[in-house]
Protein chains: 2
Amino acid sequence: MTLTASESRGTISSEELVVWRMLQRAQVRITRLLEADLLVEHDLALASYDVLTQLSESPDRRLRMNDLAERVLLSRSGLTRLIDRLQRDGLVEREACTSDARGLFAVLTDAGALRLAEATPTYLRGIRDRFLDVLDGDELRQCASMLTKLFPEAE
Amino acid sequence: MTLTASESRGTISSEELVVWRMLQRAQVRITRLLEADLLVEHDLALASYDVLTQLSESPDRRLRMNDLAERVLLSRSGLTRLIDRLQRDGLVEREACTSDARGLFAVLTDAGALRLAEATPTYLRGIRDRFLDVLDGDELRQCASMLTKLFPEAE
DNA sequence: ATTGTGTAGATGCGCGTGCAACGTCCTAAG
DNA sequence: CTTAGGACGTTGCACGCGCATCTACACAAT
């Protein structure tokens, strides 16, 4: 694929548009495969996996609902229901926040940590096979630098 | 960001994992902004826009339901309902397929083409501002080459 | 203390989606 | 011609999500 240098703004070449479309398709496709793996092997949706991961990486395995919602790209109400389900399955618990009576912590349980540990190899293998292994080290570095430009808010 | 060369398979460095996470977040974020633009300015969901685009680029502005579903990454039933809505709004019509009585064409109407033409500047501007303009020509080329490796099935 | 403004999280509701099942139609094997 | 197996599109159903709204609480100004 050759990109004509229409870097002067105002118009978009069809090749540029195709890059965006391919990005969309690749991302959706990989994500769906990943989620299918987790669902089949561990009965865990991708959003649930993300929640467990975020909690496991947080101090005391806990996070305020609001913070957690932001990190997993969910609305507050969406996270409320997701935590409902995870709590029903015993993977997460709700705990009051002493310093702010409005606040709640979502806390990872031992069962949740175990479930996460079981699922993580599946997750990592999926990403490795479908993403990391397909690119070489240079490409990965380029990818990282592009992403920091595209998404400066990232940690 | 520095990536250690753990290109030998089997393990994944945390830096590599972060690249994937950033990709997820960037893609979701840009897509949501894009969809919000289309929704606010043209009352058009992204999936609807994609359908109209695919139809407009197809011979005789028509596509079999099945083909269309694949192109817009929707299940058959999902596309059935989406076409229902678009037909209700007069942007698309269903037409029987003479050579195969099982088949149906989704056909772009004049109103649909007009609506697409109205919405396209919004769409292009969104992609330009949030994606294309952020990267330079070299980066876009690299991106394209990575994507063809990640998603070989693309046209 | 009181009042007003803002924030945290939960809930009612509607929407869009996928899966499984169904009817219809095609096609190849006998 | 008949029949079996598959393909195409639609429908019933349940699920997950976001928006608007609500309650409870925090904090600052008076």
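Letters A, B, ... are given to chains in the order of the sequence lines, protein chains preceding strands, and every chain is numbered from 1.
- Side-chain atoms of B:Arg81 and base atoms of C:dG18 include a donor and an acceptor less than 3.5 Å apart.
- Between B:Arg85 and C:dT17, a side-chain N or O to OP1/OP2 separation shorter than 4.0 Å is present.
- Between A:Glu139 and B:Lys149 there is a salt bridge, since a side-chain N of the basic residue sits under 4.0 Å from a carboxylate O of the acidic one.
- You'll find that the side chain of A:Ala101 is closest to D:dC25, out of C:dG9, D:dG18, D:dC25.
- Of the residues near DNA chain D, B:Met65 and B:Arg32, the one whose nearest nucleotide (by heavy atom distance) lies more toward the 5' end is B:Met65.
- A donor atom on one side chain and an acceptor atom on the other are not found under 3.5 Å apart for A:Glu93 and A:Thr109.
- Atom-to-atom, OH of A:Tyr49 to C1' of D:dG16 comes out at 21 Å; the value is rounded to the nearest Å.
- Judged purely by distance below 3.5 Å, without hydrogens or angles, the side chains of A:Tyr49 and A:Thr120 pair a donor atom with an acceptor atom.
- Checking the phosphate oxygens (OP1, OP2) of D:dT10, a side-chain nitrogen or oxygen of B:Arg94 falls inside 4.0 Å.
- Atom CG in B:Leu33 sits roughly 14 Å away from atom P in D:dG18 (whole-Å rounding).
- The side chain of B:Arg76 contributes an N or O atom lying less than 4.0 Å from OP1 or OP2 of D:dC8.
- Among the nucleotides C:dC26, D:dG18, C:dG18, the one closest to the side chain of A:Leu74 is D:dG18.
- B:Gln87 places its CD atom 9 Å from the P atom of D:dT10, with the value rounded to the nearest Å.
- Side-chain N/O atoms of B:Arg64 include one lying less than 4.0 angstrom from OP1 or OP2 on D:dG9.
- Regarding B:Asp67, its CG atom lies at a distance of 14 Å from the P atom of D:dA7, rounded to whole Å.
- Taking atom CG of residue A:Leu46 and atom P of nucleotide D:dG16, one finds them 14 Å apart after rounding to whole Å.
- A:Asp84 comes within contact range of no nucleotide atom at all, as no heavy-atom separation falls under 4.0 Å.
- A sub-4.0 Å separation between OP1 or OP2 of C:dA10 and a side-chain N or O of A:Arg102 is absent.
- Between B:Leu104 atom CG and C:dC26 atom C1' the separation is 15 Å, expressed in whole Å.
- Counting only N and O atoms by type, the side chains of B:Glu35 and B:Thr31 include no donor and acceptor under 3.5 Å apart.
- A donor-acceptor pair under 3.5 Å is absent between the side-chain atoms of B:Asp60 and the main chain of B:Arg62, judged by distance alone.
- Checked against D:dT11, D:dG9, C:dT11, the side chain of B:Ser77 finds its nearest nucleotide in D:dT11.
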